[in-house]
Enquirer: 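Okay, here's the structure, questions in a sec.
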Amino acid sequence: MNLITSPSFRGAASTTQGIGESQAPEADRKSIIRQYLGIALRWRYVIIGITAACILLGLIATLLMTPKYTAVSTIEIAREASKVAEFQGVDRENSTSDQEFYQTQYGLLRSRALSERVATQLRLVDDPKFFAMFGYSSDKPAFALVNDRYPAAGRAERQRVAGELLGLRLAVTPMRLSRLVDISFTSPDPVFSARIANAWADNFIQTNLERKVQATSYGRNLLQRQLALQKERLDNSQRQLVGYASAQQIINLPSQSSGSGATTSERSIVADDLAALNAVLSQATAERIQAEARYQQAGRSGASTDALRNPAINSLRQRRAELAAEYARLMVQFEPGYPAAKAIQSQLDQLDRSITREEGRVSGSQLADYREAQERENALRTKVDQLKTNYLDLRRRSIQYNIYQQEVDTNRALYDGLLQRFKEIGVAGGVGVNNVSIVDTADVPQKASSPRLLLNLLTALLAGLGLGALVAFALEQMDEAIADPSEVQQRLGLPLLGTVPKVRNGVAPRDELLDRKSDLVDAYLAVNTNLGFTTEHGVPRSFSVTSTRPAEGKSTTAIALATMLARAQRKVILIDGDMRSPSIHHLGGVDHNRGLSNFLVGEDDIGSLIFQMSDLGITAMSAGPIPPNAAELLTGSRLSLLLGRLLETYDHVIIDSPPVMGLADAPLIASRVEGLIFVAESHGIRSSMVKTAIGRLASANVRIIGCVLTKFEARRSRYGYGYEYGYGYGRTDAVKA
């Protein structure tokens, strides 16, 4: 039964549950922080050593490094070049949101072709000092010196290597939110660095311009081939059109431009004649209608408007009016037979006849005009009808002609467009405007850019701390030792009865037990207190003490618990159950000629088998003579008989059992007692071995009361326990358990 399930501990747990739940998250965070701090403190010497080694290595490496100088030139890369002319080349225009353009330019700046071009221009390909500057050496024939010169056969290989050496030491750094780009080059020679940086910028500008010229030249060649092909198509289509027009007798007038800028389309002669005659017919019809109207009007009223407007008729009528007035005046004085009156009357009659004749001539003229207009209209109408028939026939014959004409127009439009573009590309290619320009040339650097002592030491410090922390964490994970009381429950699954400090060197545990103010006594008092909460009747009346392996402190624990119970006015007997390697008799100053093994083989006189340890206030029984096979003695019923008889006399029976690993004695003894106390050595035993031992005990249905952690050193605790042992520690730990 675990401590946390015992009646005494159940009440304490219920009273503190509310507070514990409310403070759990913060406690977990603090626990994690303490855990990592504890790991750092535990392995602080490893971390400090690794950090110091890294700093030392960083210092040595910095001092041994060759100084390097970085020269920087700045260029501007614009999306569009300044336009000298409005003609465009064949390269694609980039929009303001086209980020691919700048990424492409950065890639071109780092290209292998550009680096090899710089190496070739500066004659670095055949310079042995250049390769020696960067420590490059090769056994290839291209790098074999002949009279301090490289052979010409391996120039391509050297050019490739020179380009790689330059590219590895070049850095392209775009300025944020700008079109400026820094080109920096680093080498051991400051003059060489400035020379390379400037040459790199110059060659990038030159290659950019050459690339545009090459693109324009390629476009011109392509357009030239397309122009030749399109011209051939245009000529063929024109021949086809003319041939069909000749065969079908189709004659069209060419298009004409008017003075206002409008252009008339191509038209046929028949259509023009039809339009002209139709206009004349309309005019003739209008004239015929006018003549007919004049003629009909003259017939209805007797005097037409032409007659009224005729000067001769108007003159005759005026003369007649004058004579009529003269005749009327004479009739006032004379008779009609008066000679003068007769003469006037005769003139009037003559004038009337003359007016009638003139009006007849005018009427005849109108009739003649009407008939002439009618005949002219009929003739024109006949001709227009004939032209309409011819025009409809021409329309039927012009269907295929229009198809050929459309083909000619299409080919001519394509040819004219290609020709115009060909001329524009030629002009744009000859302008030679670049969108890349140098802003600042690289100056010769005055101080080295690397190595930087403070930066390297800081980097070494951070690397050392990181590596040290990593090694400490790895060692912590590899370390299976139980270094902290809380790990007993976490790793072993056992309740912690108490933690016992390590006895100082040169001091016997028995001497510590005799000192009632020692830390050892305080620790075992705490264990004894916790034992009082494990059963309903307090401390178990019979229990055994065992461990995984020897020398973990199980015998000291058994003696100490017996001593604590004896000081609590309990009657206690301690039995040395380790019949293979007995040790209790040494503390009592006796031999082990008589003891447990004697009773197990059949001797019933218990009084002759025990001895007193008066200084500790307890009674003890040694292991007795070492039997050939202790496990066979423990399998019988004699041990249970012994425990029953001892419990009649003593309040508590404590058995110091042998270790669990490799032996069957401990499970056999534990199965006869009320419970077992497991002892684990702090910082000494691996938790995996302890788990194996506990598994063996569990398979034997042994009740494990709890675990006592012995030889504990607070300064070696993983999680930073900073306290030492003293009064009250055991009771606090009991509550935590």
Side-chain angles (χ1 to χ4, degrees), residues 65-75 77 91 104-173 181-222 429-430 432 434 436-438 441-445 448-450:
M65 285 182 181
T66 302
K68 295 182 180 180
Y69 299 86
T70 301
V72 181
S73 63
T74 304
I75 63 174
I77 303 178
D91 51 332
T104 302
Q105 298 301 312
Y106 304 152
L108 293 174
L109 276 170
R110 303 184 184 97
S111 64
R112 177 177 56 85
L114 182 58
S115 62
E116 292 181 1
R117 179 189 178 108
V118 173
T120 303
Q121 184 193 37
L122 299 181
R123 299 180 180 179
L124 303 178
V125 178
D126 298 322
D127 188 1
K129 296 180 180 179
F130 166 73
F131 295 98
M133 179 189 301
F134 298 108
Y136 182 83
S137 61
S138 176
D139 54 356
K140 295 182 179 180
F143 294 91
L145 290 174
V146 179
N147 297 327
D148 295 333
R149 299 183 64 181
Y150 288 126
R155 182 177 178 80
E157 176 67 17
R158 293 195 303 274
Q159 183 178 8
R160 182 187 64 80
V161 175
E164 293 178 353
L165 292 176
L166 293 178
L168 291 175
R169 289 154 182 84
L170 182 88
V172 177
T173 308
V181 181
D182 286 340
I183 303 175
S184 57
F185 186 82
T186 304
S187 73
D189 187 355
V191 177
F192 182 78
S193 297
R195 183 184 175 194
I196 294 296
N198 290 326
W200 208 282
D202 293 336
N203 280 270
F204 178 69
I205 294 175
Q206 188 64 28
T207 55
N208 188 56
L209 184 59
E210 290 176 359
R211 191 162 48 251
K212 289 188 176 183
V213 172
Q214 289 175 359
T216 302
S217 176
Y218 175 79
R220 281 177 55 85
N221 295 334
L222 178 62
N434 205 338
V436 182
S437 59
I438 296 178
T441 58
D443 296 329
V444 178
S449 59
S450 66

Enquirer: Could I get the full list of side-chain hydrogen bond (donor to acceptor under 3.5 Å, both in side chains) partners for Ser73, not counting sequence neighbours?
Expert: none
Enquirer: Does any N or O in the side chain of Ser115 come within less than 3.5 Å of the main-chain N or O of Glu164, such that one atom is a donor and the other an acceptor?
Expert: no
Enquirer: Residues in side-chain hydrogen bond (donor to acceptor under 3.5 Å, both in side chains) with Thr120, at least two apart?
Expert: Gln159
Enquirer: Report the distance from atom CD1 of Ile196 to atom CZ of Phe192, rounding to the nearest 0.5 Å.
Expert: 3.5 Å
Enquirer: Mind checking ring pair (Phe, Tyr, Trp, His ring centres under 6.0 Å) for Phe134 and listing every partner two or more places apart, or none if nothing turns up?
Expert: Phe130
Enquirer: Strictly distance-based, threshold 3.5 Å: is any side-chain N or O of Arg169 a donor or acceptor partner for the main-chain N or O of Leu165?
Expert: yes
Enquirer: About how many Å separate CG of Leu108 and CG of Asn208, when rounded to the nearest 0.5 Å?
Expert: 8.0 Å
Enquirer: Which residues satisfy the side-chain contact (heavy atoms from CB on, under 4.5 Å) test with Ala448, sequence neighbours excluded?
Expert: Pro67, Tyr69
Enquirer: List in chain and number order the residues that pass side-chain hydrogen bond (donor to acceptor under 3.5 Å, both in side chains) with Thr186, two or more places apart in sequence or in another chain; answer none if no residue qualifies.
Expert: Thr70
Enquirer: Just by modelled atom types, is the Leu109 backbone N or O under 3.5 Å from a matching donor or acceptor in the Trp200 side chain?
Expert: yes
Enquirer: According to the salt bridge (charged side-chain N to carboxylate O under 4.0 Å, His left out) rule, which pairs have a member within residues 130-142, sequence neighbours left out?
Expert: Lys140-Glu157
Enquirer: Quick one: list whatever passes ring pair (Phe, Tyr, Trp, His ring centres under 6.0 Å) with Phe131, sequence neighbours left out.
Expert: Phe143, Tyr150
Enquirer: Using side-chain hydrogen bond (donor to acceptor under 3.5 Å, both in side chains) as the criterion, list what pairs up with Asn198, not counting sequence neighbours.
Expert: none
Enquirer: Let me confirm one number: the CG-CD1 distance from Leu114 to Ile183, rounded to the nearest 0.5 Å.
Expert: 8.0 Å
Enquirer: Which pairs count as salt bridge (charged side-chain N to carboxylate O under 4.0 Å, His left out) when at least one residue sits in residues 114-126, sequence neighbours excluded?
Expert: Arg112-Glu116, Arg117-Glu210, Asp126-Arg155, Asp126-Arg158
Enquirer: For a 4.5 angstrom cut-off between non-hydrogen side-chain atoms, does Phe185 reach Val118?
Expert: no
Enquirer: Pairs in or reaching into residues 187-201: which pass salt bridge (charged side-chain N to carboxylate O under 4.0 Å, His left out), with residues at least two apart or in two chains?
Expert: none
Enquirer: Would you give the length of the straight line joining atom CD1 of Ile75 to atom OG of Ser437, rounded to the nearest 0.5 angstrom?
Expert: 8.0 Å
